Amino acid sequence: MKGDEGMRSNHTLYVVIPCYKEEEVLPETARRMREKMRALMDAGRISPASRVMFVNDGSKDRTWEIIAELHRQAPDLFSGVNLSRNRGHQNALLAGLMTAVNDADMIISMDADLQDDINAMDGMIDAYHNGYDVVYGVRSSRTTDTFFKRFTAEGFYKLMKALGVDIVFNHADYRLMSKRAVEGLAEFREVNLFLRGIVPQIGYRWTTVEYARAERFAGESKYPLKKMLAFAFDGITSFSVKPMRLILNVGAVVFIVSLFMLLYAFISKLTGHANAGWTSLMGSIWLIGGIQLLALGVVGEYIGKIYAETKQRPRFIIEEVLNKPGEKDAGNP
Ligand code: UDP
Ligand code: MG
């Protein structure tokens, strides 16, 4: 038995699954997770202390009853976190991560609806054992998505990139994070959560694992278009001040154009081509407009700074310290 010991991992995995009105899929999700976790434990890839942690995001249906029942039947496999009210996917996920990090060495976050391929977990855990702190699940294809969902989602990733936001293409929130990566995440204090944007900022060694995204097992999407748009808007405004800078640039352009317009209006007046009152009218419209946009842009710059400050994001997360403290009083008086 002793020879076996070295092969077995004593690293504890928590799988965090946010659930909002998922009574239809939960029993099946739990069944598949139980199988998967048992297989991983038997193979010695994760410790027996590993758990599946369901986070109930203020569902009005039987979601929490099901979670509580799962925990009652198998407390050494299923855990539950119940939020006081619906706070949205991202907040529910964060609540789970922050609860799990106390006991876990690695955490995988996953949707409840079985769209994320459970078998991709193996690759993630392998990567973790190979020293990666963050492993992003990336969709290899979107063939199961409707044309509309695919078009809007991929457009969104491209827009984010264009706005200078560092996100992983076609990665949703199916990912593995090591304990220290989640602890790093805890340092980000912002209220408008867009985890896909924050996680890359934590740093550490990362890699990706590809998987084919399936269709929702049961029930319907909890992300209707309205929520999707709000989420996309949140993502952009939380990570980019480019929209604000755009106002400044437009203001500058309008201001310069207004100078030419003024010149043109004066020349028209001097050469006698202008109607009475036209010159001053043109001048004031363009000049005032330009100055206003410019001023708005400058104010925007400052608001951008205040905005960044109020988030109190960590300025750094230290990965490793090499330091041998000097010996005190080694022969010195
Ligand atoms: N979810 C949540 N709170 C919400 C909305 C969604 O916890 O307010 C969860 C939901 O239960 C699921 C995950 O977030 O586990 C992703 O939602 P969904 O599958 O409906 O989104 P889609 O895959 O359609 O984008
Ligand atoms: Mg889904």
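All ligand and atom numbering here is 1-based and tracks the order in the structure. Keep in mind the model is a prediction, meaning the values are calculated, not measured. The first residue in the sequence is number 1, and the count goes up from there.
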If you take the nearest heavy atom of each of R213, E220, R87, K222, which one is closest to atom 6 (C) of ligand 1? K222
Of the choices H89, E215, E22, which has the non-hydrogen atom that lies closest to atom 10 (C) of ligand 1? E22
The Mg ion (ligand 2) contact by Q115, N, O or S atom under 2.8 Å: yes
Do any N/O/S atoms of D113 come under 2.8 Å of the Mg ion (ligand 2)? yes
Minimum heavy-atom separation for [X] to [Y], with atom names?
X    : Y    : answer
V254 : L293 : CG2-CD1, 4.2 Å
A95  : L83  : CB-CD2, 3.7 Å
D61  : E23  : OD2-CG, 3.2 Å

Numbering the atoms of ligand 1 from 1, which are under 4.0 Å from a heavy atom of [X]?
X    : result
D113 : 19 (O), 23 (O)
P18  : 7 (O), 9 (C), 10 (C), 11 (O), 12 (C), 15 (O)
Q115 : 19 (O), 23 (O)

For [X], which part has a heavy atom under 4.0 Å from ligand 1: side chain, backbone, both, or neither?
X    : result
D111 : both
M228 : neither
K227 : side chain
I17  : neither
S221 : both

Looking just at side-chain N and O atoms, do Y157 and H171 make a donor-acceptor pair shorter than 3.5 Å? no
Is a salt bridge present between R216 and E220, judged by a nitrogen-to-oxygen distance below 4.0 Å? no
Are the charged groups of E183 and R180 less than 4.0 angstrom apart, N to O? no
Would R216 count as a contact residue for ligand 1, given that I'm defining contact as a non-hydrogen atom of the residue lying under 4.0 Å from a ligand atom? yes
Any heavy atom of Q90 sitting closer than 4.0 Å to ligand 1? no
Within 45° cone of F217 ring axis and under 6.0 Å: R32 NZ or CZ: yes
To the nearest 0.1 Å, how far is atom 25 (O) of ligand 1 from its closest protein heavy atom, and which atom is that? K149 NZ, 3.0 Å
Closest to atom 1 (N) of ligand 1 among protein heavy atoms sits Y20 CB, 3.6 Å
Between Q90 and D173, is there a side-chain heavy-atom distance shorter than 4.5 Å? yes
A92-ligand 1 polar pair, N/O distance under 3.5 Å: no
Could you go step by step and tell me if I108 and Y174 meet the side-chain contact (heavy atoms from CB on, under 4.5 Å) rule? CA-CA 7 Å; I108 291 179; Y174 187 22; 3.8 Å; yes
What do the steps show when you test Y211 against D116 for side-chain hydrogen bond (donor to acceptor under 3.5 Å, both in side chains), and what is the final call? CA-CA 8 Å; Y211 70 100; D116 303 326; 3.1 Å; yes
